[in-house]
There are 2 protein chains.
Amino acid sequence: MKRPTISDIARQAGVSKGAVSYALNGQPGVSESTRQRILAIADEIGWRPNSAARALNGARANAIGLTLCRPARILGMEPFFMELISGLEAELSARDFALMLQVVGDHDGEIAVHQRWWGEGRIDGAFLVDLHVDDPRVPVMEELGMPVVVIGDPSGAGTLVPVWSDEGAPVRETVDYLTALGHRRIARIAGLPKLVHTTLRDREFALACAGLDDCPVVHTDYTGEEGARATRRLLSSRVRPTAIVYDNDIMAVAGLSVAQEMGLAVPADLSIVAWDDSPLSQVVRPPLTALTRDIPAYGAHAARMLLDLIDGSEPGSFEDRAASLNPRGSTGPPVSAGH
Amino acid sequence: MKRPTISDIARQAGVSKGAVSYALNGQPGVSESTRQRILAIADEIGWRPNSAARALNGARANAIGLTLCRPARILGMEPFFMELISGLEAELSARDFALMLQVVGDHDGEIAVHQRWWGEGRIDGAFLVDLHVDDPRVPVMEELGMPVVVIGDPSGAGTLVPVWSDEGAPVRETVDYLTALGHRRIARIAGLPKLVHTTLRDREFALACAGLDDCPVVHTDYTGEEGARATRRLLSSRVRPTAIVYDNDIMAVAGLSVAQEMGLAVPADLSIVAWDDSPLSQVVRPPLTALTRDIPAYGAHAARMLLDLIDGSEPGSFEDRAASLNPRGSTGPPVSAGH
DNA sequence: ATCTCCCTTGGGAGCGCTCCCAACACGTCG
DNA sequence: CGACGTGTTGGGAGCGCTCCCAAGGGAGAT
């Protein structure tokens, strides 16, 4: 019943523990015939390396940390994280690394978890997501000396290694596309203003809209309710926008409902663009024009980067493919284009 | 730079390693004054227990395993898992347990991961989700002797400890409610037929519909596309249903779009019920009547159960609150009720 | 035949911690 | 005053593994 150890193998094979260790780790120091015999016995009695004993010898923990600090209902609604995790996993599990996950309440909690995991030798590195402006986690991680990959823009990553995708190009592409369709009043319903990528998109949006009539930006918490409320407010204003760009798809869907509720036709009276595509965008009528990104691939890149970093190489930053506009039925020329 | 160990503390405090160990673990064997002195020193030099060394002494790994085997795009779309994980986490992190997550391709992969983690001493227990009919994972887990909590119906859990919620009552409640509204032809667009809870709902649905006209059941893979296709087929049939119950909300939303696309008014021409509520259900027009469940609480119960099991107690099964019907705008009397 | 040299092998220290055991001091009781 | 119990302490084995070191043995060179 007890788990077999290398001593058991050594006894059965009539060799020493040392020889078994070399054989099992593919290291030189044992003859090929002995190696084969040891491997056969190990396999037969179902031996597994005890990760604790390995870790004790200064070896890797073979695990990576990831903490998320958004409330349950928002996490559940955001396909982003689950897709990201799938992508991270694909790469990590191929290298036999595990993912340690913890959902925490705030950044202090997140910092504490990382310090504990790292201090206890449970993880070899970590990912940082949802980068804030002046993020308190960055200096702490820098000081810890732990390998960390920031999934977000280099501007906020300090000396940590960033994996990112350009936020500017998609904004420009979207605004240019809407302008080409004839829109002059484009609004943006954005996410949390504290997040780095929100500020980047905001800035780029303001730049891209220079020369257009009026391009308001409303910040929300990403929930459908706030998206709906912001949409209602925008559509009730004296000069309502003819197009709205949303920072996630749940808000875009909520906005679509609000528009239809208010008797506006989409896209005739209002064009809608969602940032980050998901099955959701394609399931509503009309299907939403969206900024598509391969999120699992993004996660895989981040994971590969972190594993390289742990292996001792000093990778630079990695710029992933930017999101690209995927026009569907929710965008078109405004009916009042030539007013 | 090196991490401080209890030997360092012992040296500084002028006591033995043993005393330090007792002091830090709150065990008897040291005087209160010595304990305080040791604690102060430990805190000062920033000592953290090395989890590997602890685990080596037969102690807990303080980690729980969870594997998911759905493709990335479905995982991303299912709020269920993220909410469940949040709930698990809330309980686990309160007891300083970590969650080890891995996304795998199939049940064989899932079994392999569990065997590895358990064999390597990385986890103290695991959760099993998405129980299949004749699930191959169950006998393997039983044989491993690892503490496992099955998040799903007892009927498929074998000797493992189940945490579950009644699938029958919500089905009956829904069908009764629709019947009371005057519906006689109720359809069900279900999830994967291999899942235990799908079969339970199927059976209960057939029972509850006895005496009604015709109550077809269509099985899908939970995606919006399949939900839309199934809906289109049902609504195109000679005698179309006046109400459809969907097994998740993404399909319900897709179904709503299809209905509106086909010129049917909801709820006048078609009533829609979604199983498992989420912000999504409330964001579309009309908002969807849904079977609401507190998923984070469900996860928390499962976690508490597993921790008890690991602590050696022998808990029975735990029946969580069943989902309850939450009527919104997508259900009403059929216009042709009195035909 | 003797001496190197290198490949193979056994032995064992040590990683940080837990926990058992023996030693010790002190106080109480016969 | 000595025997004993209680509370505190130091010492050290052992968890499973890695890796260094030294010893053994065979082949090739002299």
Side-chain angles (χ1 to χ4, degrees), chain A residues 1-39 41-42 45-63 96 116-124, chain B residues 1-39 41-42 45-63 96 116-124:
Chain A
M1 201 61 240
K2 223 175 95 319
R3 221 186 270 148
T5 73
I6 55 166
S7 301
D8 299 326
I9 301 177
R11 201 170 336 104
Q12 278 198 43
V15 297
S16 73
K17 287 191 311 168
V20 175
S21 176
Y22 291 137
L24 292 170
N25 291 303
Q27 288 188 17
V30 284
S31 63
E32 196 48 36
S33 60
T34 314
R35 181 189 305 275
Q36 289 307 328
R37 190 156 44 92
I38 289 171
L39 280 155
I41 293 175
I45 66 177
W47 175 85
R48 307 252 169 195
N50 179 312
S51 69
R54 281 210 167 145
L56 194 53
N57 288 289
R60 299 282 152 71
N62 271 261
D96 279 341
R116 189 158 61 82
W117 281 351
W118 177 247
E120 293 179 356
R122 281 172 173 276
I123 57 173
D124 303 315
Chain B
M1 201 61 242
K2 221 174 99 318
R3 218 185 275 147
T5 73
I6 54 166
S7 302
D8 298 327
I9 301 178
R11 202 171 335 104
Q12 278 198 45
V15 297
S16 74
K17 285 192 312 167
V20 175
S21 176
Y22 291 135
L24 293 170
N25 291 303
Q27 288 188 15
V30 285
S31 61
E32 196 49 36
S33 62
T34 314
R35 183 188 304 276
Q36 289 307 328
R37 190 155 45 93
I38 290 171
L39 253 49
I41 294 176
I45 66 177
W47 176 85
R48 305 252 168 196
N50 180 312
S51 69
R54 282 208 166 146
L56 194 51
N57 288 290
R60 300 283 152 70
N62 270 262
D96 279 341
R116 189 160 60 81
W117 281 351
W118 178 246
E120 292 179 356
R122 281 173 172 277
I123 56 174
D124 303 316

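Convention: sequence-line order gives letters A, B, ...; per-chain numbering from 1. A quick note: this is a predicted structure, and the numbers were derived from the prediction, not measured.
- Rounded to whole angstrom, the span from the CD atom of A/E120 across to the C1' atom of C/dC17 amounts to 13 Å.
- Nearest to the side chain of A/N57, among D/dG14, C/dC15, D/dC19, sits C/dC15.
- Taking side-chain N and O atoms only, B/R54 has a distance below 4.0 Å to OP1 or OP2 of C/dT18.
- The side chain of A/N25 lies closest to D/dT18 when the candidates are D/dG10, D/dT18, C/dT18.
- The nearest whole Å value for the distance from the CD1 atom in B/I9 to the P atom in C/dT18 is 10 Å.
- In this structure, the side chain of B/R122 does not engage the main chain of A/S51 through any donor-acceptor pair within 3.5 Å.
- Counting only heavy atoms from C-beta on, A/S31 has its side chain closest to C/dT9 among C/dT9, D/dC17, D/dA13.
- Nucleotide D/dG11 holds its P atom 14 Å from the OH atom of B/Y22, rounded to whole Å.
- Side-chain atoms of A/R37 come within 3.5 Å of backbone N or O of A/A13 as a donor-acceptor pair.
- Within the nucleic acid shown, B/S7 has no heavy atom closer than 4.0 Å to any nucleic acid atom.
- When rounded to the nearest whole Å, the span between CZ of B/R11 and C1' of C/dC17 equals 15 Å.
- Residue A/N50 places no side-chain N or O under 4.0 Å from the OP1 or OP2 atom of D/dC15.
- Put simply, B/T34 has a side-chain N or O that comes within less than 4.0 Å of OP1 or OP2 on D/dT9.
- Within the 4.0 Å cut-off from OP1 or OP2 of C/dG16, not a single side-chain nitrogen or oxygen of B/T5 is found.
- For B/K17, the side-chain atoms get nearest to C/dC17 when compared with the rest of C/dC17, C/dG10, C/dC15.
- Looking at heavy-atom distances under 4.0 Å, B/G14 makes contact with sugar-phosphate atoms alone, never a base.
- Within the nucleic acid shown, B/R35 has no heavy atom closer than 4.0 Å to any nucleic acid atom.
- Note: CD1 (A/I6) to P (D/dG16) measures 10 Å, nearest angstrom.
- Phosphate proximity of D/dT18 to A/S21: present, with a side-chain N or O under 4.0 Å from OP1 or OP2.
- Closest to the side chain of B/V30, from the set D/dT9, C/dT9, C/dT18, is D/dT9.
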